[in-house]
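Okay, structure first, notes after.
Just so it is clear, the structure is predicted and the values come from calculations on it, not from any experiment. Letters A, B, ... are given to chains in the order of the sequence lines, protein chains preceding strands, and every chain is numbered from 1.
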Amino acid sequence: MRWRRQGRRFGVALLFVVVGGGLWEFQERQEVASAVWMGAPTWDDFHLTTFHRVLRNDGFIVGWSDVRINPLWVSYRLQAVAEDTRIGPRPNFQADWRTLWPVGTDSYAGSGYDRGHMAPNYAIAAVHGRNAQLDTFLMSNMSPQRPNLNRQLWQRLEQSVMDHFAPRFDYLQVITGPIFPERFMDNVMNRVGLVEVPEAFYKIIVAPHESAPLAIAFIMPQDVRGNEPLEDYLVTIDEIEARTGLNFFPRLSPELEAVLEGELDTRGWALEEVSRRPGRFQ
DNA sequence: TTTGATGT
């Protein structure tokens with residue numbers, strides 16, 4: 001009698017966990033899908049190197065790889081802010097316990113690589129606030145970048161996104177992340193601490209519009225001087241998909257996808273106005 | 001009036 005009652009209690013508890021857990025998982029997926037225009041990046045076939053899990057932060061989400069020990073993609077939305085917007089002081093870097101691997105704030109020290117933000121400090125702070133800014137300093141938002149890239153060419157791109165592109169549209173959907181050599185084994189030992197070193201970085205910027213969304217995308221390699229024109233690094237989204245194995249904007253119709261991801265079209269962005277603008281830090 | 005970091 002006693003055992004039977006306990007068994008029933010256990011059954012109810014198990015049912016609660018299964019149904020509740022399933023609901024939670026469903027809601028989580030819905031929420032992540034709705035946080036990214038046309039759906040979070042995914043991959044078509046199973047590969048060790050494209051497998052990732054999603055970390056949700058204030059103001060941006062991260063597709064984290066426990067194999068590369070890198071964010072494979074970071075997604076966020078931006079809109080123009082008032083010119084006199086001030087952000088909080090630059091926070092300290094922080095370890096992120098969710099990564100499981102111990103990526104400490106000192107793990108890039110002496111390596112010759114910067115702790116390069118994927119979701120950028122300034123833009124996220126200006127648009128999404130102080131707590132979001134603190135989250136951009138999590139080590140799960142970092143990837144090793146050469147100083148000339150991080151402090152110059154990449155900085156110029158990020159500044160152009162926020163100051164030049166965002167005011168031209170209602171809002172922007174940005175997805176950014178690292179690119180690794182084609183063969184995993186060729187680069188598997190190329191690490192700072194546990195973190196695999198990428199050969200390049202991509203950034204996709206979309207101005208969502210009902211019928212005619214616009215997109216530009218870039219791939220920038222580690223070994224730049226820093227003062228090159230941004231336009232030298234323009235690519236199609238298809239090229240980024242080929243190099244990363246990811247599928248961006250999976251909910252796009254095939255017709256729209258063919259145009260938006262396959263064609264290199266910079267009309268509407270006035271890229272030439274910022275392409276050669278000098279960096280803030282020399 | 002700094003939106004990027006490192007190392008001392």
Side-chain angles (χ1 to χ4, degrees), chain A residues 57-60 70-71 74-96 103-169 171-178 191-193 195 197-198 200-203 205 218 220-230 233 269 271 273-282:
Chain A
N57 292 323
D58 213 343
F60 65 103
N70 264 265
V74 166
S75 172
Y76 51 95
R77 292 188 185 192
L78 297 179
Q79 65 216 47
V81 296
E83 266 188 35
D84 59 354
T85 299
R86 291 285 176 272
I87 64 166
R90 194 176 169 87
N92 291 322
F93 291 89
Q94 296 176 73
D96 186 345
V103 183
T105 56
D106 59 350
S107 58
Y108 293 28
S111 68
Y113 289 94
D114 281 359
R115 295 174 286 191
H117 282 70
M118 295 295 99
N121 168 36
Y122 173 77
I124 294 289
V127 175
H128 297 282
R130 179 64 177 171
N131 285 337
Q133 180 183 20
L134 295 176
D135 283 352
T136 69
F137 279 78
L138 289 167
M139 291 305 291
S140 55
N141 185 44
M142 304 302 154
S143 191
Q145 282 184 323
R146 286 288 186 203
N148 282 6
L149 175 62
N150 185 39
R151 304 174 193 188
Q152 297 191 59
L153 189 65
W154 196 254
Q155 190 279 330
R156 289 166 52 214
L157 177 58
E158 287 181 338
Q159 180 161 351
S160 298
V161 170
M162 189 56 190
D163 294 352
H164 183 69
F165 299 147
R168 303 178 69 83
F169 304 100
Y171 76 97
L172 301 176
Q173 171 69 62
V174 184
I175 304 184
T176 197
R191 294 185 183 240
V192 291
V195 179
V197 178
F201 294 85
Y202 67 88
K203 192 180 290 287
I205 306 144
F218 300 85
M220 295 179 169
Q222 292 274 23
D223 61 349
V224 294
R225 293 188 312 277
N227 58 357
E228 297 89 342
L230 300 179
Y233 300 95
W269 298 93
L271 178 60
E273 291 178 22
V274 289
S275 185
R276 292 165 191 277
R277 195 171 283 178
R280 185 175 286 277
F281 313 101
Q282 301 289 347

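For F218(A) and Y233(A), the ring centers are positioned 6.0 Å apart or more.
Atom CZ in F281(A) sits roughly 5 Å away from atom C1' in dG4(B) (whole-Å rounding). At whole-Å resolution of the value, CZ in R156(A) and C1' in dT3(B) are 14 Å apart. Regarding D114(A), its CG atom lies at a distance of 11 Å from the P atom of dG4(B), rounded to whole Å. As a whole-Å value, the separation of F165(A) CZ from dT3(B) C1' is 15 Å. Between F201(A) atom CZ and dG4(B) atom C1' there is a gap of 14 Å when expressed in whole angstrom units. In this structure, CD1 of I124(A) is placed 16 Å from C1' of dG4(B), rounded to the nearest angstrom. Atom OH in Y108(A) sits about 13 Å away from atom P in dG7(B), given to the nearest Å. Distance CG (D106(A)) to P (dT6(B)): 11 Å, rounded to an integer number of Å.
For the pair E273(A) (side chain) and H164(A) (backbone), a donor-acceptor distance under 3.5 Å is absent. The backbone N or O of Y202(A) lies less than 3.5 Å from a partner atom in the side chain of T176(A), making a donor-acceptor pair.
With DNA chain B read from its 5' end, the first of the two nearest nucleotides for G110(A) and G88(A) is the one closest to G88(A).
Neither side chain, Q94(A) nor T105(A), offers a donor N or O lying under 3.5 Å from an acceptor on the other. Side-chain contact of N148(A) with R146(A): a donor-acceptor pair under 3.5 Å is absent, judged by distance alone.
Here E158(A) lies in heavy-atom contact (under 4.0 Å) with sugar-phosphate atoms only.
Proximity note for D163(A) (side chain, C-beta onward) versus dG4(B), dT3(B), dT6(B): the nearest is dT3(B). If you check dT6(B), dG4(B), dT3(B) against the side chain of Y122(A), the one that comes closest is dT3(B).
Taking the six-membered ring where the residue is Trp, F165(A) and W269(A) present perpendicular rings, their angle passing 60° and hence far from 30°. Using the six-membered ring where Trp is involved, H117(A) and F93(A) have ring planes that are tilted, between 30° and 60° apart.
Taking 4.0 angstrom as the limit, R86(A) places none of its side-chain polar atoms (N or O) nearer than this to OP1 or OP2 of dT1(B).
Heavy-atom distances under 4.0 Å link DNA chain B to N150(A), R151(A) of residues 138-152 of chain A, given in residue order. Using a 4.0 Å cut-off on heavy atoms, none of the residues of residues 128-137 of chain A approach DNA chain B.
Screening residues 121-137 of chain A for side chain to side chain donor-acceptor pair (under 3.5 Å), with sequence neighbours left out, gives N121(A)-Q133(A), R130(A)-Q133(A).
The heavy-atom pair separating M118(A) from P71(A) by the smallest distance is CG-CG, 3.8 Å.
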